[in-house]
Amino acid sequence: MDIITRFAPSPTGSLHLGAVRTAIFNYLFTRKNKGKFILRIEDTDQERSSLDSLNQILDSLRWLGIDFDEGPYIQSERLENYRAIAEEFVKKGLAYRCYMTSEEIQQLKESAQKENKVYKYPRTWRDRTDNPPGLDYVIRFKTPDNKDIKFYDTLRGNININSDVLDDFIILKSDGYPTYNFSTAIDDSEMNISNIIRGEDHLSNTSKQILIFNSLDKTPPTFTHVSMILGKDKSKLSKRNGSKSIEDFKKEGVLPISIINYLARLGWSHGDQEIFTLDEMIELFNLDNLTKSPAIYDESKLSWVNSSHIKNIENKELIKILEMDFFHGIDVNQALNAAKEKAKDLLALKESLKFCKSEEVSLDNEMLESISTKEVRETINDFYVESLKLDSFEKVEDIKHLMNSFLDKKNLKMKQVALPLRIILTGSKVSPGIYEIISIIGKEIFNRRIKKYLEL
RNA sequence: GUCCCCAUCGUCUAGCCUGGUCUAGGACACCGCCCUUUCACGGCGAAAACAGGGGUUCAAAUCCCCUUGGGGACGCCA
C-alpha cells in the first residue's frame with residue numbers, strides 16, 4: 001500500500017514543540033517508506049487564524065528542512081466542498097440543521113453546571129422538520145445511540161468508544177465554516193491519507209472522525225497517537241514552563257538537526273543511540289519504537305544534542321550558517337575546528353571566533369589593566385623575540401614546543417604567558433586554546449597584534 | 001463528573017509483546033576527582049528507578065486485576 005501522510009497545523013500562532021515533533025515523525029515515517037507527505041493548513045477558525053502565523057509556520061518548516069511533496073492545501077479555500085457534504089448529510093438524514101442560538105446554549109451550559117452535570121446538547125432540533133426562515137443555524141451530526149466505535153491505533157491497539165459519550169456535534173458552524181472533526185475527516189479521506197500520526201490529544205476526537213468516515217463510506221486510515229510533550233511542571237507545554245517557538249531556537253544558535261534529533265528522540269528510540277544524522281533517522285525510524293507515555297521537555301539535553309551536532313557539522317556548511325567574515329590570513333578551517341570542539345551553541349561559537357573577524361582586536365579597560373604591568377610587558381616581549389625563531393605558525397605542535405622551551409628558559413608558568421597572550425591576541429575570554437589561536441591567526445597577524453600591544 | 005490513554009533513575013529512555021541471561025543497561029543533568037592557558041572541551045568515577053497491593057507461575061520490571069498517580073477529551077478551538 002502506498003504511504004500518504006499529512007501534517008496539518010492550524011495557523012493560530014507559531015509552531016510549538018509538540019507540533020514540530022508531530023511533523024518530524026510524519027516526515028521520517030514518510031521518507032523511510034518512500035511515501036507522499038502533504039502539508040495542509042487547517043484555518044477553519046476565522047477569528048484566530050492569521051496570515052502571519054501561516055508564514056511563520058512555513059518559514060519554520062523550511063528552516064528545519066522538513067519538506068513536503070504536496071501542498072499547502074488551505075482548508076478555507078475548500079469551503080464549498082465541506083458545505084456540499086454537510087448538505088448531503090442533511091439530505092441523507094445523517095445530520096440536521098439546529099437553530100438554537102449561542103445564548104441559549106450558554107444558558108443550558110450554565111444550568112448544567114449549577115446542577116453539577118456536564119452539558120449535553122438536548123437534541124432539540126434533531127427530529128424537527130421546520131426551517132425557521134432568516135435564522136442562523138449550524139449543522140449537527142446525528143450521533144447514533146449506544147454504538148461501539150472501534151478503531152485501531154498502532155501504538156495503543158484497539159480502541160473502543162461508546163457513542164453515548166458523544167454529543168450531536170456540530171459539523172458546520174453558523175459562519176459556514178466546517179468544524180475541525182468534520183473537515184479533517186473529509187480531507188483525510190479525500191487525500192487518501194494512509195497513516196495519521198498526531199498527538200494523543202486527538203485520541204478522543206478520533207471517534208467523531210470515525211463517524212464521519214463511515215458516513216462518507218470511506219475506510220479510516222491507520223492511526224498513531226503519539227504521547228504528549230509536557231513542560232517541567234508536567235503540565236501541557238506553554239511559554240511559562242519553557243516552551244519556545246522554532247524562531248527562538250534559531251535565534252539562540254540551535255541547529256535544525258539538533259531540534260529534529262532531540263525531538264525525535266523524545267518519544268522514539270533506537271537502542272542506546274542518542275545522536276543521529278537525518279539520514280540515519282530516516283533509515284531507522286519505525287512506528288514500533290515509539291513510546292506511549294508522555295515526555296517532559298528538557299532544555300539541557302537539547303543543548304547537549306546541539307553541541308554534539310556542532311562538533312559534527314562540515315566547515316563548509318558552518319561558514320554558510322554563521323554568515324561571518326574572516327580576516328584574510330586567518331586559517332579558517334583550523335579556526336572552525338577549534339571552535340566547534342567547545343561551543344555549546346552557534347552564538348557561543350561565533351563569539352569565540354570574534355578574534356578572526358578583523359585585523360585588530362579591541363580590549364576593554366579591565367583587560368587592558370590586567371596586561372599593562374611591567375612584568376607582563378617584558379614576558380610578552382621576550383616571547384615575541386622567541387617566536388621570531390619560528391618561520392611558520394602552521395603547525396600547532398611547533399608552537400607548543402616553542403612555548404615549552406620558552407617557559408623552561410625563563411622559568412615561567414604557563415599561566416603567566418598564556419593568559420595575557422590570549423587577551424592580547426583575541427580580546428576575549430572565550431576562545432580556543434592558546435596554541436590554536438596563534439596558529440589560526442598566523443605569523444603576520446600575530447606580529448601585528450603583539451607589536452601594537454608593545455607600543456601601547 | 002463521564003469517557004479515553006499512560007506509569008522503569010530528577011529527566012529522556014533500553015528491557016516488557018516472545019516471563020528466567022536484570023544484584024535493571026545507556027544518555028542528559030547533578031556531585032566528586034583528573035587534565036588545564038581563562039571560559040570551556042575532554043577523561044574517570046559516584047549517586048540515582050521497576051508507583052502500591054493482590055493474583056498467575058518453580059520463576060514477574062515483563063502476563064492479569066484493583067488502587068493510586070499523571071495526562072487528554074467532553075467548544076459554533078484545532
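Just so we're clear, the structure is a prediction, and the values are computed from it rather than from any experiment. Just so it is clear: chains get the letters A, B, ... in the order the sequence lines come, proteins before strands, and each one is counted from 1.
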Check your understanding: In B/S/- notation, 5' to 3', how is nucleotides 21-34 of chain B contacted by protein heavy atoms closer than 4.0 Å?
Key -> ----BBSSS-----
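- Between A:Glu386 and A:Lys410 there is no salt bridge, since no side-chain nitrogen of the basic residue lies less than 4.0 Å from a carboxylate oxygen of the acidic one.
- Side-chain N/O atoms of A:Asp298 and A:Tyr262 include no donor and acceptor closer than 3.5 Å.
- Across all strands shown, B:A7 pairs with B:U68; the Watson-Crick or G-U wobble distances both stay below 3.5 Å.
- Which of B:U38, B:A73, B:C41 sits closest to the side chain of A:Asp201 comes down to B:A73.
- Between A:Asp188 atom CG and B:A78 atom C1' the separation is 13 Å, expressed in whole Å.
- The listed nucleotides are B:A78, B:G72, B:U37; the one nearest the side chain of A:Ala418 is B:U37.
- Nearest nucleotide to the A:Asp45 side chain, out of B:C77, B:U37, B:A73: B:C77.
- The NZ-P distance, from A:Lys208 to B:C77, rounds to 12 Å in whole Å.
- Pair assignment for B:U2: B:A73, on the basis of Watson-Crick or G-U wobble contacts that are both within less than 3.5 Å.
- Spacing between B:A47 and B:C74 at atom P, rounded to whole Å, works out to 47 Å.
- Other residues, nucleotides and ligands contribute more than 12 heavy atoms inside 6.0 Å of the CD atom of A:Gln273.
- For the pair A:Tyr119 OH and B:G1 P, the computed distance is 22 Å after rounding to whole Å.
- Base engagement by A:Pro432 is indicated by at least one non-hydrogen atom pair under 4.0 Å involving a base atom.
- Side-chain atoms of A:Ser174 come within donor-acceptor range of the base of B:C76, with a qualifying N/O pair under 3.5 Å.
- The neighbour count for A:Glu394 CD, taken as heavy atoms of other residues, nucleotides or ligands under 6.0 Å away, does not exceed 12.
- B:U68 and B:C63 have their P atoms separated by 22 Å, with the value rounded to a whole Å.
- Taking atom CD1 on A:Ile161 and atom C1' on B:G72, their separation rounds to 11 Å, with Å as the unit.
- Separating the P atom of B:A49 from that of B:A61 is a span of 15 Å, rounded to the nearest Å.
- Rounded to the nearest Å, the gap between the P atom of B:C17 and that of B:A27 is 26 Å.
- Nucleic acid contact for A:Glu200: base, since at least one base atom lies under 4.0 Å from a heavy atom of the residue.
- When rounded to the nearest whole Å, the span between CG of A:Leu287 and C1' of B:C17 equals 16 Å.
- Distance, A:Glu110 CD to B:G75 C1': 15 Å, rounded to whole Å.
- In this structure, the CD atom of A:Gln209 is 12 Å from the P atom of B:C74, given to the nearest Å.
- The backbone N or O of A:Asp168 lies less than 3.5 Å from a partner atom in the side chain of A:Arg140, making a donor-acceptor pair.
- Note on ring orientation: taking the six-membered ring where Trp is involved, the planes of A:His225 and A:Phe151 are perpendicular (angle over 60°, cut-offs 30° and 60°).
- Glycosidic conformation, B:C41: syn, with the torsion inside 90° of 0.
- The residue A:His225 sits apart from the nucleic acid: no heavy atom pair falls under 4.0 Å.
- Taking the C1' atom of each, B:G26 and B:U8 are spaced 13 Å apart, rounded to whole Å.
- Between A:Leu412 and A:Phe406 there is a side-chain heavy-atom pair separated by less than 4.5 Å.
- Listed candidates were B:C41, B:C12, B:A73. Nearest to the side chain of A:Lys342 is B:C41.
- As judged by a 4.0 angstrom heavy-atom cut-off over every strand, A:Tyr177 is placed among residues making no nucleic acid contact.
- Side-chain N/O atoms of A:Thr44 include one lying less than 4.0 angstrom from OP1 or OP2 on B:A78.
- Shown here, B:G19 forms no base pair; nothing in the strands shown gives a Watson-Crick or G-U wobble contact with both key distances under 3.5 Å.
- The nearest heavy atom of RNA chain B to A:Asn181 and to A:Asn162 marks one nucleotide each, and the one closer to the 5' end goes with A:Asn162.
- A:Gly267 comes within contact range of the sugar-phosphate backbone alone, with a heavy-atom separation under 4.0 Å but no base atom that close.
- Distances shown here put every side-chain N or O of A:Lys400 at or beyond 4.0 Å from the OP1 or OP2 atom of B:U37.
- Expressed to the nearest 0.5 Å, how far NZ of A:Lys232 lies from CD of A:Glu299 amounts to 5.5 Å.
- Among the nucleotides B:A78, B:G72, B:A7, the one closest to the side chain of A:Glu42 is B:A78.
- A:Phe182 and A:Phe89 have perpendicular rings, their planes meeting at more than 60° on a 0 to 90° scale where under 30° would count as parallel.
- OP1 or OP2 of B:A14 sits under 4.0 Å from a side-chain N or O of A:Ser269.
- Rounded to whole Å, the separation between the P atoms of B:U21 and B:U37 comes to 49 Å.
- Among the atoms of the strands shown, only primed sugar atoms or phosphate atoms (P, OP1, OP2) are found under 4.0 Å from some heavy atom of A:Leu203.
- Atom CG of A:Leu211 and atom P of B:A73 are 19 Å apart (whole Å).
- B:U23 sits 33 Å from B:G42 when the P atoms are compared, rounded to a whole Å.
- Residue A:Lys173 places at least one side-chain N or O under 4.0 Å from the OP1 or OP2 atom of B:A78.
- Side-chain atoms of A:Pro294 lie closest to B:C6 of the nucleotides B:U37, B:C4, B:C6.
- Side-chain contact between A:Arg422 and A:Phe355 is absent, with no heavy-atom pair separated by less than 4.5 Å.
- The side chain of A:Thr291 lies closest to B:U13, out of B:U38, B:C76, B:U13.
- Here the side chain of A:Val165 is nearest to one of B:C12, B:U2, B:G75, namely B:U2.
- Nucleotides B:C64 and B:A24 have their C1' atoms positioned 23 Å apart, rounded to a whole Å.
- Looking at A:Lys292, its side chain has no donor and acceptor atom pair within 3.5 Å of the base of B:C5.
- At the heavy-atom level, A:Lys120 lies nowhere under 4.0 Å from the strands shown.
- Using a 4.0 Å heavy-atom distance criterion, A:Ser102 is classed as a base contact.
- No hydrogens or angles were tested; on distance alone, a donor-acceptor pair under 3.5 Å links the side chain of A:Asn205 to the base of B:A78.
- For the residue pair A:Asp345 / A:Asn306, no side-chain donor-acceptor distance below 3.5 Å is found, with atom types taken as modelled.
- When each of A:Gln75, A:Glu42, A:His202 is tested with A:Tyr180 by the rule side-chain hydrogen bond (donor to acceptor under 3.5 Å, both in side chains), just one qualifies, namely A:His202.
- A donor atom on one side chain and an acceptor atom on the other are found under 3.5 Å apart for A:Asp187 and A:Tyr82.
- For the segment residues 410-417 of chain A, residues with any heavy atom less than 4.0 angstrom from an atom of RNA chain B are, sorted by number, A:Met414, A:Lys415.
- Heavy atoms from other residues, nucleotides or ligands lying under 6.0 Å from CD of A:Glu252 number more than 12.
- Side chain of A:Ile296, nearest nucleotide from B:A73, B:U11, B:C6: B:U11.
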